[in-house]
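All remarks here apply to the structure that follows.
Proteins get letters first, then strands, A, B, ... in listed order; numbering begins at 1 in each. Just the heavy atoms: all of them, side chains too, but no hydrogens, waters or symmetry mates, feed the values below.
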Number of protein chains: 2
Amino acid sequence: MDRPTIIDIARLAGVSKKTVSRVINNSPLLSKPTREKVERIIAETGFVPNPTARALALKRNFLIALVHDNALDPALVEVQAGMLAALKHSEFALCVHFLDCGPNAALRAFGDFLEYHRPSGILLMPPLSEQDELAGLTWEFGCRCARLGAKPQTESPGWIVTPDRQASADAVHRLVLAGHRRIAFISGREDTRCARLRELGYLDAMAEHGLDRGPALIAAGDDSFESGYAAAELLLEVSPRPSAILASNDEMAAGAVHAAHKSGIKLPAELSVIGFDDAPIASRIWPPLTTIRVPLMEMAHAAVNQLIAPEASESTTHDFPVELIERGTTAPLHASAGESGAFAFQSG
Amino acid sequence: MDRPTIIDIARLAGVSKKTVSRVINNSPLLSKPTREKVERIIAETGFVPNPTARALALKRNFLIALVHDNALDPALVEVQAGMLAALKHSEFALCVHFLDCGPNAALRAFGDFLEYHRPSGILLMPPLSEQDELAGLTWEFGCRCARLGAKPQTESPGWIVTPDRQASADAVHRLVLAGHRRIAFISGREDTRCARLRELGYLDAMAEHGLDRGPALIAAGDDSFESGYAAAELLLEVSPRPSAILASNDEMAAGAVHAAHKSGIKLPAELSVIGFDDAPIASRIWPPLTTIRVPLMEMAHAAVNQLIAPEASESTTHDFPVELIERGTTAPLHASAGESGAFAFQSG
DNA sequence: TTGTACGCGTTATCAT
DNA sequence: ATGATAACGCGTACAA
């Protein structure tokens with residue numbers, strides 16, 4: 001026999017379709033006995049409302065969509081893992097959508113996607129999360145929206161963020177405490193606030209310590225391994241050579257480590273490197289990368305919980321802490337190597 | 001104004017709903033003028049049939065689902081990227097589902113997923129792809145199924161495969177050509193045919209060359225970096241130490257490289273390592289990993305094309321070639337280091 | 001070749 | 001508090 005429909009339940013319970021529907025949707029105006037009777041029948045039959053039919057009536061699908069603009073972004077695995085964990089045992093499915101057109105066409109393509117597939121909720125990855133027009137569109141379609149990234153200037157709802165600027169500055173402080181003075185920075189995609197804030201944090205801290213933060217110490221990357229490699233090659237041939245590099249993400253930090261190896265520079269003895277994110281690659285390269293952990297999985301989990309919550313919570317932004325994880329690519333500056341070897345070893 | 005529905009189109013074209021429906025679904029029995037007239041109206045209005053309504057009527061959603069049992073599998077990014085590329089400009093969306101229960105409960109959970117979300121097509125990742133019952137279930141739900149993995153014994157439709165056994169043997173041949181004799185192997189998840197075939201390929205080639213393939217040269221892993229690391233630690237302390245390691249995937253190969261670094265073993269001078277897959281990590285570690293490239297993205301692309309093709313193609317299995325990519329972790333065995341240094345440098 | 005009437009399984013409207 | 005009936009938008013017998 002086929003699955004029971006709402007009509008079967010209604011007949012079995014001796015009530016109308018609509019009453020069963022009310023039970024399903026937790027309508028407040030129902031007598032206790034009626035509700036309990038229907039709920040018993042539902043439990044006995046194992047009835048599950050057909051999501052497609054509900055979707056047609058409600059004009060929205062039981063889908064939570066992850067929307068990104070980089071299909072090969074290594075962060076996607078972790079984000080999805082967090083989302084899937086939160087979606088477990090829920091009535092929603094995870095849908096992944098790739099928006100690869102330019103920023104202008106993106107709005108239209110995103111609208112088409114929303115209108116066509118009508119997801120119940122959207123999780124926007126950076127840099128898409130920073131386009132307010134995209135978030136605005138989701139509202140128009142009665143679709144909730146969560147955004148991953150760095151904290152925006154103006155408080156707005158749905159943001160899941162980390163204190164990138166402060167974290168970046170803290171990493172520099174640690175390097176300075178370990179005696180480093182010439183600290184270079186590899187920046188990330190300019191179109192992400194996250195990357196810009198990480199650079200600002202670096203600049204903050206360098207200024208605070210009165211250290212040189214000239215253009216020779218800052219190289220532009222685009223969040224990719226290759227760009228980190230190229231940037232490090234540039235940084236490592238200036239003289240005096242930086243004794244430490246902070247990269248805006250782990251991929252680029254890994255690229256920097258790669259470049260150092262290629263140049264025969266010993267890590268961490270001759271060069272310290274700090275990455276950002278604690279992506280899987282961080283613990284897999286040699287030496288294992290010291291990095292600032294961003295709890296992407298937990299963040300995605302929280303984002304989805306917010307998206308599928310029965311009532312839209314008016315939480316503005318959800319802050320997650322970051323944490324510096326010391327591994328093998330950082331060491332105190334050797335007195336012999338530094339231009340001002342005053343500082344001795346200091347456990348940060 | 002709202003989006004036009006099929007009724008609006010019918011009215012504008014002066015025909016019935018059904019005629020418009022026939023145009024949409026390419027029914028053969030339609031007069032040319034009628035079809036053209038309707039098509040013109042559709043183009044002018046930008047009408048797009050509502051997928052939810054179609055889903056309700058057809059009892060299947062316009063979703064292609066990727067189903068896996070490991071939310072953190074690094075291969076997922078590439079597979080998804082290939083799928084998304086193939087799905088671009090199609091009416092289907094990508095849905096990702098995680099089956100984390102044991103093999104017995106998996107069948108039931110999978111059935112629930114199929115019945116509840118009714119995807120049009122499924123792409124099964126290994127080891128799920130090897131459970132014939134799962135594939136069988138998809139058929140029952142009128143859902144197409146593509147399976148990623150290693151070639152099964154009996155030809156069955158929907159498989160997207162690589163010649164893992166031969167590829168593994170070829171890698172060993174290359175190492176032997178480079179003078180290696182003590183070649184170790186790190187095996188993968190025993191529940192994947194893919195991993196078993198890679199091990200068999202290793203055994204084939206070692207036997208063919210009359211080389212020792214005893215238990216001291218084979219360590220069990222589970223496809224994870226950590227397991228590769230642990231396995232290599234075991235392999236590297238036996239005496240005489242193997243001069244080369246073939247790992248069943250890149251994650252474990254990276255773990256082996258990690259272990260070698262930790263033990264102060266120089267790569268590739270004192271140890272050669274070959275991985276499998278050409279995952280992103282292969283080119284990011286130092287030295288860059290020599291590996292057997294498995295074109296996951298292309299395979300996923302082909303799988304999706306097969307799933308969304310207008311008519312179910314009766315292609316049995318779709319073979320993809322693999323390719324050994326020489327990078328930095330392989331070198332000829334030094335005459336001084338080998339126990340039988342007869343072979344000189346040979347460019348493989 | 002084209003149209004009519006109904007089904008898909010649920011929610012919403014508006015009565016009672 | 002509950003129910004009859006109409007949406008929701010499209011596909012399919014079956015009739016014409």
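The distance from atom CZ of Arg11(A) to atom C1' of dG9(C) is 14 Å, rounded to the nearest whole Å. Across the protein-nucleic acid pair, Glu36(B) atom CD and dT1(C) atom P stand 14 Å apart, rounded to whole Å. Taking atom CG of Asn61(B) as the reference point, atom C1' of dG9(D) lies 14 Å away to the nearest angstrom. If you take CD of Glu115(B) and P of dC8(C), they are 16 Å apart, rounded to a whole angstrom. Rounding to whole angstrom units, NZ of residue Lys59(A) and C1' of dG9(D) are separated by 8 Å. Per the geometry, OH belonging to Tyr116(B) stands 13 Å off C1' belonging to dG9(C), to the nearest Å.
Close to dT1(C), at under 4.0 Å from its OP1 or OP2, lies no side-chain N or O of Ser31(B). The side chain of Thr52(B) places no N or O atom within less than 4.0 Å of a non-bridging phosphate oxygen (OP1 or OP2) of dG9(D).
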- Pair Arg54(B)-Asn25(B), side-chain hydrogen bond (donor to acceptor under 3.5 Å, both in side chains): steps then yes or no: CA-CA 11 Å; Arg54(B) 301 185 76 189; Asn25(B) 297 296; 2.9 Å; yes
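A salt bridge is absent between Glu36(B) and Arg40(B): the closest approach of a Lys/Arg side-chain nitrogen to an acidic carboxylate oxygen does not fall below 4.0 angstrom. Using a cutoff of 4.0 Å between basic side-chain nitrogens and carboxylate oxygens, Lys17(B) and Asp8(B) are not scored as salt-bridged. The residues Glu130(B) and Arg147(B) are annotated as not salt-bridged, no charged nitrogen and carboxylate oxygen being separated by less than 4.0 angstrom.
For the residue pair Asn61(B) and Ser120(B), no side-chain donor N or O sits within less than 3.5 Å of a side-chain acceptor on the partner.
Distances were taken from every side-chain heavy atom of Ser16(A) (C-beta onward) to each of dT2(C), dG9(D), dG3(D); the shortest belongs to dG3(D).
Residues Gly14(B) and Leu56(B) both approach DNA chain C. Their nearest nucleotides, taken by heavy-atom distance, put Gly14(B) toward the 5′ side.
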- Query: Once each nucleotide of nucleotides 10-16 of chain C is scored for protein heavy atoms under 4.0 Å, what B/S/- sequence comes out, 5' to 3'?
  - Reply: BBB----
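Under a cutoff of 6.0 Å and an axis angle of 45°, Arg60(A) and Phe62(A) form a cation-pi pair.
Side-chain atoms of Asp73(A) come within 3.5 Å of backbone N or O of Ala75(A) as a donor-acceptor pair. Counting only distance, with no hydrogens or angles, the side chain of Thr45(B) and the backbone of Ile41(B) share a donor-acceptor pair below 3.5 Å.
Rounded to 10 degrees, the angle between the two end axes of the helix from dT1(C)-dA16(D) to dT16(C)-dA1(D) is 40°, with five pairs used at each end.
Rounding to the nearest 0.5 Å places CD of Glu298(B) at 10.5 Å from NE2 of His318(B).
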